[in-house]
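Notes for the one structure printed next.
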Amino acid sequence: MTARFSDKYLDLNSVKELPDSHAWESIDHDLPSDGAYKLESVPIIDLNHKNAMELIGSACKTWGAFQVVNHNISKNLLDDIESAGKRLFSLPMQQKLKAARSPDGLSGYGVAGISSFFPKLMWSEGFTISGSPLEHARRLWPEDYHRFCYTIQDYESEMNKLAERLMWLILGSLNITKEDINWAGSKGDQFQAGSSAVLQLNCYPACPDPDRAMGLAAHTDSTILTILHQSNTSGLQVFRQDYGWIRVPPQPGALVINVGDLLHILSNGWYPSVLHRAVVHRTQHRLSIAYLYGPPSSVKIFPIPKLVDNFHPPLYRAITWNEYLGTKAKHFDKALRSVLVRAPRSEFLGAK
Ligand SMILES: C=C1C[C@]23C[C@@]1(O)CC[C@H]2[C@@]12CCC[C@@](C)(C(=O)O1)[C@H]2[C@@H]3C(=O)O
Ligand SMILES: O=C(O)CCC(=O)C(=O)O
Ligand SMILES: [Fe+2]
């Protein structure tokens, strides 16, 4: 189903009643803490803790997500990226549309890419940055585009360092070292050739009927890992098998880390990618910034050989990030399954 232009680019900030185009049927809003039992949320891990690697491994296996503190990203930078997002989304719709994402493009302003898989639109707007934001920033602020570009550049550079550190901690928890990895024939340097990343700014305006609206529908990220900075308003929820949807409350200064589909493949199924979504509020608006971290786009990703043996044969075939994004765009929640070469053993089932 293709949404109408006028619905897709509705100014959500000025709407007083939920339009039919955004009214979802039967959203499961029940949380375990509303019922008889209560489950704590994803663990908060101090990166300076002496057992940080083990704690991270356990969080990846059980939740596919965790929060980190003592990550070395300055509060100033987190404040700056949040202000840049606020400044962008508070522009008039006509101005934002000057930087609209083209139908076959990756970067720019628009609704979430996964919108086409749902009959109703989501209560959010997004701005995707892949490569330089210069061209779009110039269209948004012809007189003053540098400020935005500098903030994005600083943020991406700091996030890249943190993402690499986290990736090696996560792989380390599976006993994988740089020497163990032998991709594309060059032993030990699969990631040293670089990495790629996409920055996604999400804005969730206050909503007149939050129980019938969805901020960002349930999905897994097509990444190795995602680093999410959320403003001081709750909204993110992760799905945990046998429990259901669990809130990930904003913790001042903490960043949320999600295991993505490519890490699921690399780990040969040991670390599941986390299903998550964002809900909205009646009076509060919310902003989030996702650093979507992946390998160089044409490197083949496949289960790390050290995690493969007769008892744990490779579950997934090799695929590049580019190819995986194409698969996700076509099959959405069935993308990971379409790369599967054999059914996971029972020890993986119910790991989420
Ligand atoms: C690299 C990417 C991951 C993403 C699709 C994209 O090409 C650019 C935007 C990303 C994003 C952000 C919001 C949620 C999501 C599911 C979407 O619709 O666009 C993710 C995509 C993803 O992880 O598959
Ligand atoms: O806004 C959020 O909390 C979630 C954002 C997200 O999942 C994404 O950008 O991929
Ligand atoms: Fe996500």
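Each ligand, and each atom within it, is numbered from 1 in the order the structure gives. All of these numbers come straight from a predicted model, not from anything done at the bench.
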* To do: Using a strict cut-off of 4.0 Å, indicate which atoms of ligand 2 neighbour a heavy atom of Leu216.
  => 5 (C), 6 (C), 7 (O), 8 (C)
* Structure fact -> The atoms of ligand 2 lying under 4.0 Å from a heavy atom of Tyr204, numbered in the order shown, are 1 (O), 2 (C), 4 (C), 5 (C)
* Check each heavy atom of Thr226 against ligand 2 and say whether those closer than 4.0 Å belong to the side chain, the backbone, both or neither. => neither
* To do: Please indicate, with yes or no, if any protein heavy atom is found under 4.0 Å from atom 20 (C) of ligand 1?
  => no
* Heavy-atom distances under 4.0 Å are what count here, so tell me which part of Val256 touches ligand 2: side chain, backbone, both or neither. => neither
* Taking non-hydrogen atoms only, is Leu228 closer than 4.0 angstrom to ligand 2 via side chain, backbone, both or neither? -> side chain
* Distance flag for atom 1 (C) of ligand 1, protein heavy atom under 4.0 Å -> yes
* Numbering as shown, the atoms of ligand 2 that approach Asn202 to under 4.0 Å (heavy-atom distance) -> 5 (C), 8 (C), 9 (O)
* Should the pair Arg87-Asp144 be classified as a salt bridge under the 4.0 Å nitrogen-to-oxygen rule? -> yes
* Can you tell me which residue and heavy atom of the protein come closest to atom 15 (C) of ligand 1, and the distance to 0.1 Å? -> His219 CD2, 4.3 Å
* Distance filter under 4.0 Å to Gly113 heavy atoms, resulting ligand 1 atoms -> 18 (O)
* Asked: Side chains of Ser222 and Lys328: do they bring a donor and an acceptor to under 3.5 Å?
  -> yes
* Should His219 be counted as touching ligand 2, given the test is an N or O pair under 3.5 Å? -> yes
* Asked: For ligand 1, which atoms, with element, lie under 4.0 Å from some heavy atom of Leu106?
  -> 7 (O)
* To do: Run the numbers for me: atoms of ligand 2, each under 4.0 Å from some heavy atom of Ala290, listed by number.
  => 9 (O)
* Asked: Side-chain contact, heavy-atom cut-off 4.5 Å: Gln230 with Val256?
  -> yes
* Asked: Between the side chains of Glu82 and His229, is a donor N or O closer than 3.5 angstrom to an acceptor N or O?
  -> yes
* Distance-only donor-acceptor check, side chains Asn202 and Ser124, under 3.5 Å -> no
* Any idea which atoms of ligand 1 are less than 4.0 Å away from a heavy-atom of Ile114? -> 16 (C), 18 (O)
* Determine, for Trp141 and Arg147, whether the Lys NZ or Arg CZ falls below 6.0 Å from the six-membered ring centre while staying within 45 degrees of the axis. => no
* Asked: For ligand 2, is there an atom lying under 4.0 Å from some heavy atom of His276?
  -> yes
* Structure fact -> Near Asp221 (heavy-atom distance under 4.0 Å), the atoms of ligand 1 are 23 (O)
* To do: Using a strict cut-off of 4.0 Å, indicate which atoms of ligand 2 neighbour a heavy atom of Ser288.
  => 1 (O), 2 (C), 5 (C)
* Would you mind finding which of Ser297, Ser222, Ser273 brings a heavy atom closest to atom 23 (O) of ligand 1? => Ser222
* Is any side-chain heavy atom of Ser234 closer than 4.5 Å to a side-chain heavy atom of Arg286? -> no
* Asked: Hey, looking at atom 3 (C) of ligand 1, which of Thr220, Leu325, Thr327, Val198 has the closest heavy atom?
  -> Leu325
* Structure fact -> OD1 (Asp221) to the Fe ion (ligand 3) to NE2 (His276), nearest 10°, is 90°
* Structure fact -> Taking only non-hydrogen atoms of Gln200 and a 4.0 Å limit, the atoms of ligand 1 in range are 9 (C), 12 (C)
* To do: Measure centre to centre between the rings of His29 and Trp245, then say whether the value is under 6.0 Å.
  => no
* To do: Would you indicate whether the side-chain heavy atoms of Tyr109 and Arg101 approach each other to under 4.5 Å?
  => no
* To do: Mark up the atoms of ligand 1 that fall under 4.0 Å of a heavy atom belonging to Leu292, in ascending order.
  => 10 (C)
* Verify the distance criterion only: is there a donor paired with an acceptor across the side chains of Tyr155 and Asp80 at less than 3.5 Å? => no
* Asked: Is Glu158 salt-bridged to Lys161, going by a charged N under 4.0 Å from an acidic O?
  -> yes
* Asked: Do you know which of Tyr271, Trp270, Tyr316 makes side-chain hydrogen bond (donor to acceptor under 3.5 Å, both in side chains) with His264?
  -> Tyr316
* Asked: At a 4.0 Å cut-off, with the gap strictly under it, does some heavy atom of Arg286 reach an atom of ligand 2?
  -> yes
* Is Lys300 paired with Glu323 through a side-chain N to carboxylate O contact shorter than 4.0 Å? -> yes
* Compare all side-chain heavy atoms of Ser267 with those of Leu174 and state whether any distance is below 4.5 angstrom. => yes
* Using heavy-atom distances, let me know which of Thr226, Leu199, Leu216, Thr128 sits nearest atom 8 (C) of ligand 1. => Thr128
